[in-house]
Amino acid sequence: MTDIRTLTYEELEQFIFSINEKKFRAKQVWTWLWKKGAGSYDEMTDLSLALRAQLAEHFTFQRAVIDQEVHSRDKSAKFTFRLHDDRMVEGVLIPSGDRVTACVSSQVGCPLRCTFCATGTMGFVRNLHFAEIVDEYVLMNRRAQELYGNTITNIVFMGMGEPLLNFDNVMTAIDKLTAPDGFGLSPTRITLSTAGVVKGIKALAERKFACGLAVSLHSAEPAVREVIMPVTEHNSLHDLQAALLNFHQKTGQRITFEYILLSKINDSLQAAEKLARYCRPFPVKINIIEYNETEGGLYHRSYPNQREEFIQYLKDRNMVVNVRQSKGQDIAAACGQLVKGKK
Ligand code: SAH
């Protein structure tokens, strides 16, 4: 049976006609699905019971559910979502000031196998459907209101998976989240993070992507990056740079680079120099991320003095550098610690 949320508006309208209902019923159902975020037919209270029964007879409604929720001392919260096939993905809410950022997953597992990331160790299971990505948002948005008295203000695609390897679903989810007659979020409040999939970045540039783009760079030295991020083998630093320049030219946007400082791997002054040079063609912001230890992890955090030197080197060259404190470490909700997925 087809899931109701895979229908286009036209298909839904056709179905509504076929059961002799009025045209505006399609609009009502659509609003429940893509604006109010209903999780079942029962919630569609302005539809007759007969119509709800008709819908249920013809279409499944495979909504994700929150399976588990854990709260961190720092007020962030990690959610484990159970999908219709019993697969699991994780999402995180991160409150700070009057913002609430939701970190969402785009795949169950991840095929890229970055050596520092826990998600990479579990391998790839499957792509999320766009409705499942929207579910993460809708379910966490309700909890955000209950926990923090505030709705989600920002969304980052920095959970499990590589969003550019699930391109169509991620783009459709973003369309739903930003639709003015839908959830209505501003694209400027959404950031997609990629490990550097060149083909995907080219496609984003073509469609003049209006959301923010972050790239998990972690090294500007080919030999180092190839080891810590195997994706580099088919997406060289050189090609990545060209794709980012094109992205900047097409969208006018600045690129955000994420850079985890790993002791003795990518934290030397030479590494900082390579990074500064790599950033020259376009405006960038660099987010320095602390390495979060993962189970059986291979790496260590940089020493504080090494870290300061590295950051100072970049600042001295007038680069925009933020140091991001990872939240949720006590509940394994921090960057690179999301690993659920098996049934
Ligand atoms: N695949 C995309 C989306 C995941 S984002 C991407 O790579 O950008 C997850 C972020 O957490 C990335 O910047 C990733 O590099 C970072 N990360 C992964 N493992 C980490 C760890 N152990 N400590 C800190 N950050 C980590």
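If you're wondering where the values come from, they're calculated on a predicted model, not measured in any experiment. Each ligand, and each atom within it, is numbered from 1 in the order the structure gives.
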Item to check | Distance from atom 26 (C) of ligand 1 to nearest protein heavy atom, with residue and atom | outcome: Ile260 CD1, 3.4 Å

Next on the checklist: Determine whether the aromatic ring centres of residues Phe310 and Tyr259 are separated by less than 6.0 angstrom.
Outcome noted: yes

Checklist entry - CG/Leu165 to OG/Ser106 distance, rounded to the nearest 0.5 angstrom? => result 8.5 Å

Checklist entry - When you look for heavy atoms under 4.0 Å from ligand 1, do you find them on the side chain of Thr194, its backbone, both, or neither? => result backbone

Next on the checklist: With a 4.0 Å cut-off on heavy atoms, is Phe157 in contact with ligand 1?
Outcome noted: yes

Next on the checklist: I'd like to know if Cys114 contacts ligand 1, where contact means a heavy-atom distance under 4.0 Å to any ligand atom.
Outcome noted: no

Next on the checklist: Out of all atoms in ligand 1, which are within 4.0 Å of some heavy atom of Glu290? Include the element for each.
Outcome noted: 23 (N), 24 (C)

Next on the checklist: Check for me whether the distance between the ring centres of Phe257 and His218 falls short of 6.0 Å.
Outcome noted: no

Next on the checklist: Can you report which non-hydrogen protein atom sits closest to atom 19 (N) of ligand 1, along with the distance?
Outcome noted: Gly336 CA, 3.0 Å

Item to check | Nearest-contact summary for atom 25 (N) of ligand 1 - protein heavy atom, Å | outcome: Cys335 CB, 3.2 Å

Checklist entry - What protein heavy atom is closest to atom 12 (C) of ligand 1, reported as residue, atom name and distance in Å? => result Ser216 OG, 3.1 Å

Checklist outcome for this item: CD (Gln145) and CG (Asn150) are apart, to the nearest 0.5 Å, by 8.5 Å

Next on the checklist: Tell me whether the NZ or CZ atom of Lys36 lies within the 45° cone about the ring axis of Trp32 and under 6.0 Å from its centre.
Outcome noted: yes

Next on the checklist: Using a strict threshold of under 4.0 Å (side-chain N to carboxylate O), is an ion pair present between Glu290 and Arg324?
Outcome noted: no

Checklist entry - Identify the closest protein heavy atom to atom 23 (N) of ligand 1: which residue and atom is it, and at what distance? => result Asn292 N, 2.9 Å

Checklist entry - Which atoms of ligand 1 are found less than 4.0 Å from any heavy atom of Gly159? => result 4 (C)

Next on the checklist: Contact between ligand 1 and Gly161 is defined here as a heavy atom of the residue under 4.0 Å from a ligand atom; is it met?
Outcome noted: yes

Checklist entry - Side chain, backbone, both or neither: which part of Met158 comes within less than 4.0 Å of ligand 1 when only heavy atoms are counted? => result both

Item to check | Aromatic contact, Phe183 with Tyr137 (centres under 6.0 Å) | outcome: yes

Checklist entry - Considering only heavy atoms, does His218 approach ligand 1 within less than 4.0 Å through its side chain, its backbone, both, or neither? => result side chain

Checklist entry - Is the cationic atom of Arg317 (NZ for Lys, CZ for Arg) positioned less than 6.0 Å from the six-membered ring centroid of Tyr313 and within 45 degrees of its normal? => result yes

Checklist entry - Under 3.5 Å, N or O to N or O, is Phe116 touching ligand 1 that way? => result yes

Item to check | Verdict with reasoning, Arg5 to Glu132, per salt bridge (charged side-chain N to carboxylate O under 4.0 Å, His left out) | outcome: CA-CA 10 Å; Arg5 292 187 298 170; Glu132 294 174 317; over 6 Å; no

